[in-house]
Student: 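Following this message is one structure expressed as structure tokens.
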Amino acid sequence: MSRRRQSPLPTIAAIVLAVAFSVSLYANWSLANTGKFTLPGMANPVLAYEAPKPVEPVDQPEMVAILVPSKDLEPFDVVTSAIFYKEDGTPSVVKVQKASIENSGIVLNPNQIFGRVLMSGHEKGRPFHPSEFFPEGTQAGPTAGVPEGKFGVTVNCTEVTGLESLSYGDEVDLVATATIVAINPDTLSDEERASVETQQKMLGLDKQAQVRRVATRALVVRPVRERSVPGVKQPVLDCFIALRAEEVAALAAAIERGEKVRAVAISGRIDGDLGSEIPEVVPQDPLGPVRDLPKPIEVQVINGGKSTTTNNVRRADG
């Protein structure tokens with residue numbers, strides 16, 4: 001028997017793989033050193049690689065850490081050291097570019113504003129500016145928002161309506177309304193009273209309304225807040241407003257008389273008509289007809305042997 005001849009394919013495959021591996025090594029070496037890979041006997045490179053240019057370092061802006069409040073603050077709050085710390089005791093800081101705060105007036109040292117009172121609300125995480133504070137020595141609390149020459153008054157929203165949706169700094173006029181019912185003097189008899197009431201109804205004077213201004217441009221210092229009252233389930237709504245001295249007395253008198261007091265908001269637009277005023281409604285004198293009514297006369301009526309005297313009202317001519 002003749003021996004079977006071995007196939008040359010494995011040898012050829014090994015030679016091809018060796019050549020490919022050699023070319024790959026040469027290509028990697030060529031690209032790493034020259035940036036180009038050219039096959040032997042060829043002028044133009046098969047592969048070309050351009051190494052990236054080295055990145056020049058960029059100067060990082062200088063950052064500054066600033067202490068900021070860890071919670072929102074309300075108008076008339078006082079600045080204390082506690083507001084600059086979080087609940088876990090760590091300081092509340094933000095980092096900003098030093099160039100961005102130069103000549104900005106931002107408060108960098110909290111010691112400069114300890115004890116100062118805020119003019120308006122302040123969001124957490126935002127640095128302070130000196131323009132946000134009242135002058136040094138201002139009393140903390142809502143009285144700080146009462147302008148000079150005015151007095152602060154806390155009013156119940158059930159006694160003064162229309163304050164529920166207003167905000168700090170809004171201005172309102174207060175108007176008081178009352179129903180005027182004609183009151184007949186007690187000296188009138190039943191017949192006179194019936195005649196007077198008829199005349200009043202005919203003239204539209206039996207029931208009238210009076211509208212008058214109690215305060216002009218009152219300032220909302222602190223918006224409506226809830227207040228708990230012992231023994232009462234529903235909280236009471238209060239609003240703190242600033243009035244002139246004479247307006248404080250007029251408002252107190254109107255509430256004591258049981259009049260309905262309403263707050264009418266003034267336009268907050270800068271182009272609004274600030275010269276207009278709410279007109280007052282003055283009722284006519286409901287007792288006018290009484291003064292013109294003649295005195296009753298006595299009429300003697302004789303029936304048989306008996307006589308009786310009655311009071312009758314003489315009607316005016318015409």
Side-chain angles (χ1 to χ4, degrees), residues 69-80 82-83 116-124 126 132-134 138-180 209-270 272 274 276-281:
S70 61
K71 62 179 181 179
D72 293 335
L73 301 177
E74 296 186 357
F76 320 126
D77 280 350
V78 61
V79 176
T80 62
I83 67 173
R116 299 288 297 274
V117 180
L118 283 166
M119 298 178 63
S120 59
H122 188 95
E123 301 82 12
K124 66 178 181 180
R126 184 170 64 85
E132 299 180 70
F133 301 98
F134 285 105
T138 301
Q139 178 76 21
T143 56
V146 178
E148 185 177 359
K150 290 189 175 184
F151 296 86
V153 179
T154 299
V155 295
N156 191 314
C157 291
T158 59
E159 298 174 340
V160 180
T161 61
L163 296 170
E164 294 79 6
S165 60
L166 299 180
S167 304
Y168 164 65
D170 289 342
E171 291 183 317
V172 296
D173 282 357
L174 301 183
V175 294
T177 60
T179 301
I180 305 299
Q210 173 183 278
V211 180
R212 58 190 181 85
R213 289 189 304 276
V214 175
T216 303
R217 304 190 74 86
L219 178 67
V220 177
V221 178
R222 188 176 63 187
V224 172
R225 288 187 175 183
E226 294 184 352
R227 175 173 56 89
S228 300
V229 178
V232 179
K233 294 182 179 180
Q234 295 295 333
V236 177
L237 299 180
D238 288 336
C239 184
F240 190 74
I241 60 178
L243 304 171
R244 293 192 294 269
E246 62 275 13
E247 295 172 338
V248 173
L251 175 60
I255 294 175
E256 183 66 25
R257 287 192 296 265
E259 298 182 46
K260 295 180 180 179
V261 183
R262 295 177 174 87
V264 183
I266 299 174
S267 173
R269 297 178 50 156
I270 59 175
L274 301 180
S276 60
E277 292 183 354
I278 300 174
E280 295 186 350
V281 177

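In this text the structure is predicted, and so the values were computed from the model without any measurement. For this chain, numbers begin at 1 and follow the sequence in order.
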Student: Within a strict 4.5 Å, meaning less than it, do heavy atoms of the Glu247 and Thr216 side chains meet?
Tutor: yes
Student: Do Asp238 and Asn156 have side-chain heavy atoms sitting under 4.5 Å apart?
Tutor: yes
Student: Is the number of heavy atoms from other residues, nucleotides or ligands under 6.0 Å of Lys260 NZ greater than 12?
Tutor: no
Student: Are the side chains of Val220 and Arg222 in contact, using a 4.5 Å heavy-atom criterion?
Tutor: no
Student: May I ask you to check whether over 12 heavy atoms, not counting those of Glu246, lie within 6.0 Å of atom CD?
Tutor: yes
Student: Apply the test side-chain contact (heavy atoms from CB on, under 4.5 Å) to residues Ile266 and Asp173: give CA-CA distance (whole Å), side-chain angles for both, the deciding distance (0.1 Å), then the verdict.
Tutor: CA-CA 7 Å; Ile266 299 174; Asp173 282 357; 3.5 Å; yes
Student: Return the minimal non-hydrogen interatomic distance between Gly169 and Leu219, and the atom names on each side.
Tutor: O-CD1, 3.6 Å
Student: What I'd like to find out is whether the side chain of Lys71 reaches to under 4.5 Å of the side chain of Ile83, using heavy atoms alone.
Tutor: yes
Student: Are the side chains of Val160 and Leu251 in touch, meaning some heavy atoms are under 4.5 Å apart?
Tutor: yes
Student: What's the shortest heavy-atom distance between Ala250 and Val214, and which atoms?
Tutor: C-CG1, 3.7 Å
Student: Distance check, rounded to the nearest 0.5 Å: Lys233 atom NZ versus Ser228 atom OG?
Tutor: 14.5 Å
Student: Under 3.5 Å, is there a donor-acceptor pair between the side chain of Asp72 and the main chain of Glu123?
Tutor: no
Student: Hey, are the side chains of Leu174 and Ile241 touching, using non-hydrogen atoms and a 4.5 Å cut-off?
Tutor: yes
Student: Where is the tightest heavy-atom contact between Arg217 and Lys150, given as atom of each residue plus distance?
Tutor: O-NZ, 3.1 Å
Student: Check whether any side-chain heavy atom of Val153 sits under 4.5 Å from a side-chain heavy atom of Phe240, and report yes or no.
Tutor: no
Student: Is the Tyr168 ring parallel, tilted or perpendicular to the Phe76 ring (thresholds 30°, 60°)?
Tutor: perpendicular
Student: Look at Glu280 together with Arg212 and state whether they make a salt bridge at an N to O cut-off of under 4.0 Å.
Tutor: no
Student: Between Glu164 (side chain) and Gly162 (backbone), is there a donor-acceptor pair under 3.5 Å?
Tutor: yes
Student: Taking only residues two or more places apart in sequence, or in another chain, which ones meet Arg116 in a salt bridge (charged side-chain N to carboxylate O under 4.0 Å, His left out)?
Tutor: Glu136
Student: Do side-chain atoms of Arg213 reach the backbone of Ile278 as a donor and acceptor pair under 3.5 angstrom?
Tutor: yes
Student: Can you tell me how far apart OG1 (Thr179) and CD (Gln210) are? Round to the nearest 0.5 Å.
Tutor: 10.0 Å
Student: Kindly give the heavy-atom pair with the smallest separation between Val248 and Phe151, and that separation in Å.
Tutor: CG2-CB, 4.2 Å
Student: Side chains of Leu237 and Glu226, heavy atoms from C-beta outward: is any pair under 4.5 Å?
Tutor: yes
Student: What closest approach, in Å, do Ala144 and Thr138 show between heavy atoms, and which atom pair accounts for it?
Tutor: CB-CG2, 3.6 Å
Student: Measuring from atom CZ of Arg225 to atom SG of Cys239, what distance do you get when rounded to the nearest 0.5 angstrom?
Tutor: 10.5 Å
Student: For residues Leu166 and Ala265, report the shortest heavy-atom separation together with the two atoms involved.
Tutor: CD2-CB, 4.2 Å
Student: Would you please name every residue forming a salt bridge (charged side-chain N to carboxylate O under 4.0 Å, His left out) with Asp77, sequence neighbours left out?
Tutor: none
